[in-house]
Peer 1: 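Can you read through this structure? Questions will come right after.
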Amino acid sequence: MDLFLQTLVNGILIGGILICLTIGFQLTFGVLHVIDFAVGGWAMLGGYTAYWLVTLAGIDPFISIFLVFALFLLIGRGLGPLIYRVRTSRYARPDLMALAFTFGIFLFMRGGALWLWSYNSRSVESVLSGQFLSLGPVTIPLMRLSAFLMALLFSLGLFILLYRSRFGMAVRALAQNRDHAGLMGVDVKRVSAWVYGIYTGLTASAGVLIATIYSVNPTVGIRYTLFAFFVAVLAGLGSVGGVLVAGLALGLLEAYVATYIGARYSLLIVFGTLYLALLVAPKGVLGRGI
Amino acid sequence: MSHKFSRRKFLRNSLLGTGAMTLGFPALNVNAQEHRIRCGVVTSLSGANRFGGNLTRRGYDLWAEEINKLGGIEIAGKRYPVEMFYGDAQSRPASGADAAERLIIQDKVDVLFGPYTSGVTLAVQPISQKYRVPMISGSAESPNVWLAKPAFNFGMIPAVDLTTDKSMVVLADTLGDRAKTAAVIGVDEPFSKETAEGFRKGVEESGLDLLSYELFPAESDLSAIVSKLKSSNPDIVAVGGHESVFINFVNTAKALNYKPKALIMHYGVTSAAFINETGSGSNGILGVSVWTAGLPYKDELFGTASDYSDLSFSRWGTRPDYTEAACSASGLVLQDAARRLGKAPPWDQGTRAELAKAIEDTDIETFYGPVGFAKEGSHYHNNTRPVPVVIQIKNGDVVPVAPEKAAKGELVYPIPGTS
């Protein structure tokens, strides 16, 4: 029973990390209709940036999250018009072009990171690293708990931005119909660029949390891209709300399979289950849309 | 006197001249350097494994510099300097094979020094065999390299299944009655799996009770595995993996309030990066090393293991690890075999085959330890003689703790603060 309860906590907290990683990815798909293959790359760069801020400037990871968010918000904002241009180009399949373009960005990031940091793994120490709460037989790592809470905070922040601001109204209008939104006076290009900036900021911030919980090295990007992609598919591509449910579901499933069947089979069973779930609910757990 | 310009004649003479130069210069070049032993190094000088690749290069180069200070390798009373040629494997097996072929065909090397990773070594050894060029591999640790029974490749570091196997036996002997149970986990990829298999074999050989053995994908979240270990609480936990998995394991265990009584890993725990990234979490962790500067080994060229460490430090600015040491010792193997062969370079195919036979018969003591290659079995041409040293990290320092003759400090068991 103790192990069962511990697994429950482990699963929920893994879910938190997956939610952190995927929530911005969903937003950018919902608005730009771009499946961004660079998602894991942004997370990796966020982790390394936090490592620099912590080791070179002595800034605590919890403060560095906000700095990383601001930095990557600007980087993403700068890159956004380019993504938008590719996505709205006159190619026969601009969606595939955009996918290939982001994959190119990902490869560039990976190559650059290998050149800069070789294969070395880095992790970031925080005041909460190694701290835990004991609730009877169950141990709750504070760093993972904070990642979970951060995921909820990100979700709440996004909810407020989307449903309680003029910018959010423009984002939702754009998600529904780009042309009509443009005709109604929405600056489509500018809003899209900011959405891409918010996504890169959120994903890089998730990378900071990942670096404090696990470690980061130039090759981890592909792993996080896969996780983000699968959570997004289960959530329903573009559904920000669905990410909460899908992230938790995948986290719990992975934790219970790893504990009671074997970690070796966890990804096999998790992804097998994902395919079955999509047969039943092809639009994801909460359907599509923002 | 007038000379009529003939285009045909000009073209013919140009072709003949160019042909003569193309054919003649390499021949002149080879003849001019006939008195040197041409050594090719295939390793990862760029790409993901460039850090380790450059460690191998340092090891090989240090030997070349030292032997050249004496005038080169002594063969039949005369000394022949060595000349090093480099081929960049770019951390990719196919590129390594290409680089080896270039070294053999274009640079006409007499002998090869092997790559950093086992994957590249597996790609290069058929090339060395095809051209009958002996290769001495100072780094490859996968048993698969030796299972392929390479006729021309010889490995200095005992395969990882042997080192982890022996280290577990050494550890269990040192702990005596204090440890009775063990659990082994490892990443489900070739090197890590072989490491874990070796640990499991060692647990069985040493009479410990194996509570669990589990392999997991590298991308797994380790909280489930740590929770299970915490629940069964074995005396020794052994982990097969690479540096990033070690860091994740230590961080996850720390976050879940679990500290095994003894935690043993393999190569990677001695690196400065691991100790930096895990901070105080590295304290008490055990690891396996094939060589340390404190071992009582010596030879004529490098002196003692400690002398070698000092020499390497003064040359490169960092203390050598066992990979660098094994690479330098590869040169000692070559000079011993060449001396016994007694034939002056350059060596043709037949002589190189004789050199390979001489390397196979190696039986020497070096600063790195005893060297002798298995002539049969699953570790064919692998140097199986070195006894691994169990090291323990104490306040950031790597301290040999077992076996007794290599120990420089007491084995701390259980680690303070153990669950």
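In what follows, chains carry the letters A, B, and so on, assigned in the order in which the sequence lines appear, proteins first and then strands, with residues in each chain numbered from 1. Reckoned from all heavy atoms, side chains included, excluding hydrogens, waters and symmetry mates.
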Peer 1: Taking the basic N atoms (NZ, or NE/NH1/NH2) and the acidic carboxylate oxygens, is any pair closer than 4.0 Å for A:Arg264 and B:Glu214?
Peer 2: no
Peer 1: Please determine, among A:Val220, A:Asn217, A:Ile14, A:Thr55, the option with the most heavy-atom pairs under 4.5 Å with chain B.
Peer 2: A:Ile14
Peer 1: Can you tell me which portion of B:Leu256 sits under 4.5 Å from chain A's heavy atoms? Options are side chain, backbone, both or neither.
Peer 2: both
Peer 1: Against chain B, label A:Gln131 side chain, backbone, both or neither, depending on which of its atoms sit under 4.5 Å from a heavy atom there.
Peer 2: backbone
Peer 1: Can B:Arg200 and B:Glu197 be counted as an ion pair, charged N to O under 4.0 angstrom?
Peer 2: yes
Peer 1: May I ask you to name which of A:Gly130, A:Ala258, A:Ser123, A:Gly251 has the most heavy-atom pairs under 4.5 Å with chain B?
Peer 2: A:Ser123
Peer 1: If you take the centroid of each ring, where Trp contributes its six-membered ring, are B:Tyr213 and B:Phe199 closer together than 6.0 Å?
Peer 2: no
Peer 1: Under 4.5 Å heavy-atom distance to chain A, tell me which part of B:Ile225 shows up: side chain, backbone, both or neither.
Peer 2: side chain
Peer 1: Tell me, for A:Tyr224 versus chain B, whether the close heavy atoms (under 4.5 Å) come from the side chain, the backbone, both or neither.
Peer 2: neither
Peer 1: Under the side chain to side chain contact (heavy atoms under 4.5 Å, CB included) rule, what do B:Ile236 and B:Met168 come out as? Steps first, then yes or no, please.
Peer 2: CA-CA 10 Å; B:Ile236 301 171; B:Met168 186 58 83; 4.3 Å; yes
Peer 1: Chain B heavy atoms under 4.5 Å from A:Leu13: which part of the residue, side chain, backbone, both or neither?
Peer 2: neither
Peer 1: Any cation-pi pair here, A:Arg122 with A:Tyr48, using under 6.0 Å and within 45°?
Peer 2: no
Peer 1: If you count heavy-atom pairs within less than 4.5 Å of chain A, which of B:Gly281, B:Gly52, B:Ser223 leads?
Peer 2: B:Ser223
Peer 1: Parallel, tilted or perpendicular: which fits the ring planes of B:Tyr322 and B:His266, with parallel below 30° and perpendicular above 60°?
Peer 2: tilted
Peer 1: Is it the case that over 12 heavy atoms from other parts of the model lie below 6.0 angstrom from the CZ atom of A:Phe229?
Peer 2: no
Peer 1: Please determine, among B:Asn248, B:Ile185, B:Thr252, B:Ile247, the option with the most heavy-atom pairs under 4.5 Å with chain A.
Peer 2: B:Asn248
Peer 1: Considering only heavy atoms, which portion of B:Asp188 lies under 4.5 Å from any heavy atom of chain A: side chain, backbone, both, or neither?
Peer 2: side chain
Peer 1: Checking heavy atoms, do the side chain of B:Ala253, its backbone, both or neither come under 4.5 Å from chain A?
Peer 2: neither
Peer 1: Under 4.5 Å from any heavy atom of chain B, what part of A:Phe227 do you find: side chain, backbone, both or neither?
Peer 2: side chain
Peer 1: For the aromatic rings, using the six-membered ring if either is Trp, is the centroid distance between A:Phe106 and A:Phe37 under 6.0 Å?
Peer 2: no
Peer 1: With a 4.5 angstrom heavy-atom cut-off, which part of A:Leu114 approaches chain B: side chain, backbone, both or neither?
Peer 2: both
Peer 1: Once you measure the plane-to-plane angle for B:Tyr60 and B:Phe113, does it fall in the parallel (<30°), tilted (30-60°) or perpendicular (>60°) bin?
Peer 2: parallel
